[in-house]
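Each remark here refers to the structure printed beneath this line.
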Amino acid sequence: MGLLASRDVFSWLLVASVFQVSSVRLAQGTYLCTAYLNISCTIPETNLTTWSREEMGLYGQDSPKTSVVGNVYLADPIYGCEDDTFYRRPNDSRSWIALIQRGNGCTFADKINVAAMNGAAAAIIFNDFGAEYQVIQMSHPGTSIVAVMIGNFRGMELVQLLEKGVPVSIAIEVGKQHGPWMSHYSVFFVSISFFIVTAVTVGYFIFYSARRLTSLRQQNHKQKKLKAEAKKAIGQLQVRTLRQGDQETGPDADACAVCIELYKPGDVLSVLTCNHFFHKSCIEPWLLEHRTCPMCKCDILKALGVEVSFHTKSEVQRCTS
Ligand SMILES: [Zn+2]
Ligand SMILES: [Zn+2]
């Protein structure tokens, strides 16, 4: 039972460590870099310039993690998928940023490459309706310009300003870098899984040890009780002291089967229920250990009415006498 349980514990620990390694692996794939967007615009009617700076974006997986400054121009059509996507902008060489909506069946890489082809220094892609503030880490292999995702709410705000003809300028700045497997979610996930695995393992060990301890105690108690009963029963055996001239002391008589010594006058013998006799000092410890007569293997303790489950080392036979 002990062997089985320790094997269980080992297999459980193995499963636990595989689980931990895979969770670290999973987390290693996640390399997150947030982006600050410093947005400024001048409302033409009031000539008032407002600006805001917020950590609202997330750099795409394949984007250079660098800062870009420029005026923002909206893709037309807004999904920016087709090669002939138009960006309404002045014909100058200043760096500019494309604003594109997520979706419409083309990949992030398609949108970003079309923007780059039009000369954009960066592409801001805003999320679907419903994802007001949520962003995902875009995967867009084969692109070269900076690409950042922002939530739908901020994206639509920018769209409204641009459609009203308000010039908007944005500085994209590198925010917090979450090194390999150091994103909040990964750390959280790894910690939680570590905690659960540790708690379950410790709990299992405590349960197993407690059960073992209880059964050992019960066993010990039973052994002690049976030993006391056995001693008491052995005390009831018939005892004889040999005298000079008894036939057991003769030269042809048998020796004590336990110590292999011949009997002498004055020796104290115990006579068992099978009528075999031995030195009292030899047979008493023998019976406590073996239960049986050394000569005929009869179960003496059973014959004396002591329960059978008392541990035995030698074979026990039925004694009819
Ligand atoms: Zn003896
Ligand atoms: Zn016997």
Side-chain angles (χ1 to χ4, degrees), residues 1-17 199-321:
M1 172 213 157
L3 189 72
L4 188 77
S6 52
R7 210 178 55 193
D8 283 354
V9 170
F10 271 116
S11 55
W12 170 243
L13 281 176
L14 188 73
V15 169
S17 55
V200 168
T201 311
V202 167
Y204 185 86
F205 270 120
I206 290 173
F207 171 73
Y208 171 69
S209 315
R211 218 178 48 175
R212 220 180 123 82
L213 203 72
T214 311
S215 89
L216 267 177
R217 247 186 224 159
Q218 280 172 350
Q219 238 175 342
N220 248 351
H221 186 73
K222 203 169 179 188
Q223 282 289 338
K224 266 188 196 161
K225 206 178 136 201
L226 284 171
K227 203 137 201 170
E229 265 178 50
K231 270 186 187 164
K232 204 175 147 197
I234 289 167
Q236 292 166 3
L237 287 170
Q238 194 193 326
V239 177
R240 228 183 102 191
T241 307
L242 291 181
R243 282 185 222 139
Q244 196 74 44
D246 278 349
Q247 70 176 64
E248 290 84 0
T249 60
D252 301 328
D254 288 330
C256 167
V258 181
C259 65
I260 334 272
E261 269 178 33
L262 290 171
Y263 299 112
K264 334 181 270 297
D267 283 358
V268 180
L269 307 188
S270 279
V271 183
L272 305 189
T273 52
C274 56
N275 284 329
H276 286 120
F277 52 84
F278 309 91
H279 287 124
K280 186 174 189 285
S281 57
C282 292
I283 196 63
E284 284 188 349
W286 171 278
L287 281 179
L288 281 178
E289 183 109 343
H290 300 88
R291 295 183 68 103
T292 56
C293 167
M295 302 282 283
C296 68
K297 301 278 184 194
C298 281
D299 189 338
I300 303 304
L301 290 184
K302 194 177 178 187
L304 292 169
V306 178
E307 216 181 308
V308 185
S309 60
F310 180 61
H311 70 96
T312 50
K313 282 184 181 168
S314 53
E315 251 175 67
V316 174
Q317 285 180 4
R318 282 188 75 81
C319 184
T320 47
S321 57

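Order of appearance sets the numbers: ligands from 1, and atoms from 1 within every ligand.
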Rounded distance [0.5 Å steps], CG in L287 versus CG in L272: 6.0 Å
Aromatic ring pairing H290/W286, orientation class (parallel under 30°, perpendicular over 60°, tilted between): parallel
Minimum heavy-atom distance P265-T249, with the two atoms named: N-CG2, 3.7 Å
N, O or S from C298 under 2.8 Å to the Zn ion (ligand 2): no
Opening angle between ND1 in H276 and SG in C296, taken at the Zn ion (ligand 2), to 10 degrees: 110°
Note: K280-D267 ion pair, threshold 4.0 Å (strictly below): no
Closest heavy-atom pair and its distance - T292, D299: CG2-CA, 4.1 Å
Atoms of protein origin (N, O or S) under 2.8 Å from the Zn ion (ligand 1): C256 SG, C259 SG, H279 ND1, C282 SG
Plane angle bin for Y204 and Y208 - parallel if under 30°, tilted between 30 and 60°, otherwise perpendicular: parallel
Electrostatic pair E248-R240, nearest N-O below 4.0 angstrom: yes
